[in-house]
Amino acid sequence: MRRLRVLSVVGARPNFMKMAPVLLELAKRPEEFESVLIHTGQHYDEAMSAVFFRDLGMAKPKHNLSVGSGSHAAQTAEIMKRFEEVCLSEKPDLVLVGGDVNSTMACSLTAVKLLIPVGHIESGLRSCDRTMPEEINRIVTDAISDLLFTTESSGTCNLSREGVAEEKIHFVGNTMIDSLVRCSAELARNGAPPAVRALGESRYSLATIHRPSNVDDPSQLTRVLDILESAAHTAPLLFVTHPRTRERLARLDHGGRFTEVSGPIDTIEAGKCYLLPPLPYLDFLYAMTNASAVLTDSGGIQEETTFLGVPCLTLRENTERPVTVQVGSNEVVGLDKDRILGCLDRIYKGEWKTPSAPPLWDGRAASRIIDVLTTWGMK
Ligand code: UD1
């Protein structure tokens, strides 16, 4: 039997935890698959990329396209140009992409134009908000993919409604949760990462905010900071900042209201807001697992908190992951300060809803994907 040559793409931080389990499963079946990993270099910092390869046990990519940052058009075009050369030299049977970042769309578009089939992991999610760059990336990628792997039933329904043939859609669960399950077990075995160990004994809220709609406009970011500062009156708050947020914060005078933490966290004091750099995967997982509440605008964190059963407030007007609200611990609250403070009050009184894990979020999504690839490869 000829081996299937699979070229998997990662580019930005959320891709790493979604692709790592798939790479592990591909490596378990060398008689069936030849696996090649490409990093577009959309994220390139130690803290945004390299540390995740270590924490998730991923091998070094065969090619790093080193595209770096840029406008949407420039970044997308540069990825396409460089990825085309890789496709021409590697001649894959299938390109696997994940999530909704610019690298996802750029690589899937490049592949289909070379008549190479594309598999999209985390397909079908829709916020129905076309001002989000990720929504455009999802729509384009799904429209041209051959294998569409969905994480929740809304994804499958959206694709069907958009006319995607049923045989292309595979409901497999969530590979990001596969990484979480594996790494939580590792944390349980090895204990807390030293830099965040002190969090195990505290009650605190954890925040991450980086969506362009929340941080790019100074007046929106000022609203966000005001909310976080008020939230800290309920319990101390750790604000883990993405480089985009950090850059926008530097342009605003936040007047020392946030205490910078650059090394290990020792003690956390009531009423205080702490500003932290991006954390490694295991450190963040530990911080999230032990948090009393999470305030975020990230997609993945809505899912991870649902699985962990940690109350989550999503500071956006919509979510493309409705299952996290329907059965999970999430509530979409926008930037409505009174509502957020009311929610925190309920959370800290122990009055939040009791979540359950969505169907097939069981740590085995990647192995289902590989089973689909095996069947597909035999056709
Ligand atoms: C990207 C994704 C977003 C995802 C986020 C997770 C798109 C359209 N957006 O947004 O969906 O939630 O990643 O992190 O693909 N920067 C660094 N170091 C890095 C990477 C970026 O400092 O390693 C800074 C640069 O100043 C850059 C800015 O972050 O201009 C934004 O990076 P970019 O890749 O354009 O988008 P993200 O905001 O990270």
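All residue numbers refer to positions in the sequence shown, counting from 1. Just follow the structure's listing: the first ligand is 1, and inside any ligand the first atom is 1. Everything quoted here is computed from the prediction, not taken from an experiment.
Residue Tyr44 has at least one nitrogen or oxygen atom sitting less than 3.5 Å from a nitrogen or oxygen atom of ligand 1, judged on distance alone. Of the N or O atoms in Asn137, none lie within a sub-3.5 Å distance of an N or O in ligand 1.
Side chains of Asp100 and Asn137: no donor on one and acceptor on the other come within 3.5 Å. With 3.5 Å as the limit, one finds no donor-acceptor pair spanning the side chains of Thr110 and Glu84. A donor-acceptor pair shorter than 3.5 Å cannot be found between the side chains of Tyr281 and Ser179. A donor-acceptor contact under 3.5 angstrom links the side chains of Thr150 and Thr156, judged on distance only. Between the side chains of Thr40 and Gln42, not a single donor N or O lies within less than 3.5 Å of an accepting N or O.
In this comparison of Arg244, His43, Met105, the heavy atom closest to atom 39 (O) of ligand 1 sits on His43. When Met132, Arg13, Gln42 are ranked by how near their heavy atoms come to atom 33 (P) of ligand 1, first place goes to Gln42. Of the candidates Gln75, Glu135, Arg246, Arg248, the one placing a heavy atom closest to atom 35 (O) of ligand 1 is Gln75.
Nearest to atom 18 (N) of ligand 1 among the protein's heavy atoms is Asp45 OD2, 3.0 Å. Of the protein's non-hydrogen atoms, the one nearest atom 11 (O) of ligand 1 is Glu134 OE2, 2.6 Å. In this structure, atom 2 (C) of ligand 1 lies nearest to the protein heavy atom Val101 CG1, 3.6 Å. The closest protein non-hydrogen atom to atom 25 (C) of ligand 1 is Ser69 OG, 3.4 Å. The closest protein non-hydrogen atom to atom 6 (C) of ligand 1 is Pro14 CD, 3.5 Å. With hydrogens left out, the protein atom closest to atom 24 (C) of ligand 1 is Pro243 CB, 3.7 Å, a heavy atom. For atom 12 (O) of ligand 1, the closest heavy atom belonging to the protein is His210 NE2, 2.9 Å. For atom 8 (C) of ligand 1, the nearest non-hydrogen atom of the protein is Asn102 OD1, 3.3 Å.
Here the side chains of Leu373 and Leu94 are in contact, with some heavy-atom distance below 4.5 Å.
Checked against His120 for a side-chain hydrogen bond (donor to acceptor under 3.5 Å, both in side chains), the options Thr141, Asp142, Asp146 give a single hit: Asp142. Shown are Val196, Leu206, Asp55; of these, the side chain to side chain contact (heavy atoms under 4.5 Å, CB included) with Phe284 is made only by Leu206. Under the salt bridge (charged side-chain N to carboxylate O under 4.0 Å, His left out) rule, Arg211 has a single partner from Glu135, Glu317, Glu134, which is Glu134.
Listed by number with element, the atoms of ligand 1 under 4.0 angstrom from any heavy atom of Met48 are 14 (O), 19 (C), 23 (O). Near Arg211, the atoms of ligand 1 lying under 4.0 angstrom from a non-hydrogen atom of the residue are 3 (C), 11 (O), 12 (O). Contact atoms of ligand 1 toward Glu247: 26 (O) (distance under 4.0 Å to a heavy atom of the residue). Here is the list of ligand 1 atoms found below 4.0 Å of a heavy atom in His72: 8 (C).
Looking at residues two or more places apart in sequence or on another chain, you find a salt bridge (Lys or Arg N to Asp or Glu O under 4.0 Å) between Glu320 and Arg138, Arg316. Under the ring-ring contact (aromatic ring centres under 6.0 Å, His included) criterion, His39 pairs with Phe16, Phe53, sequence neighbours left out.
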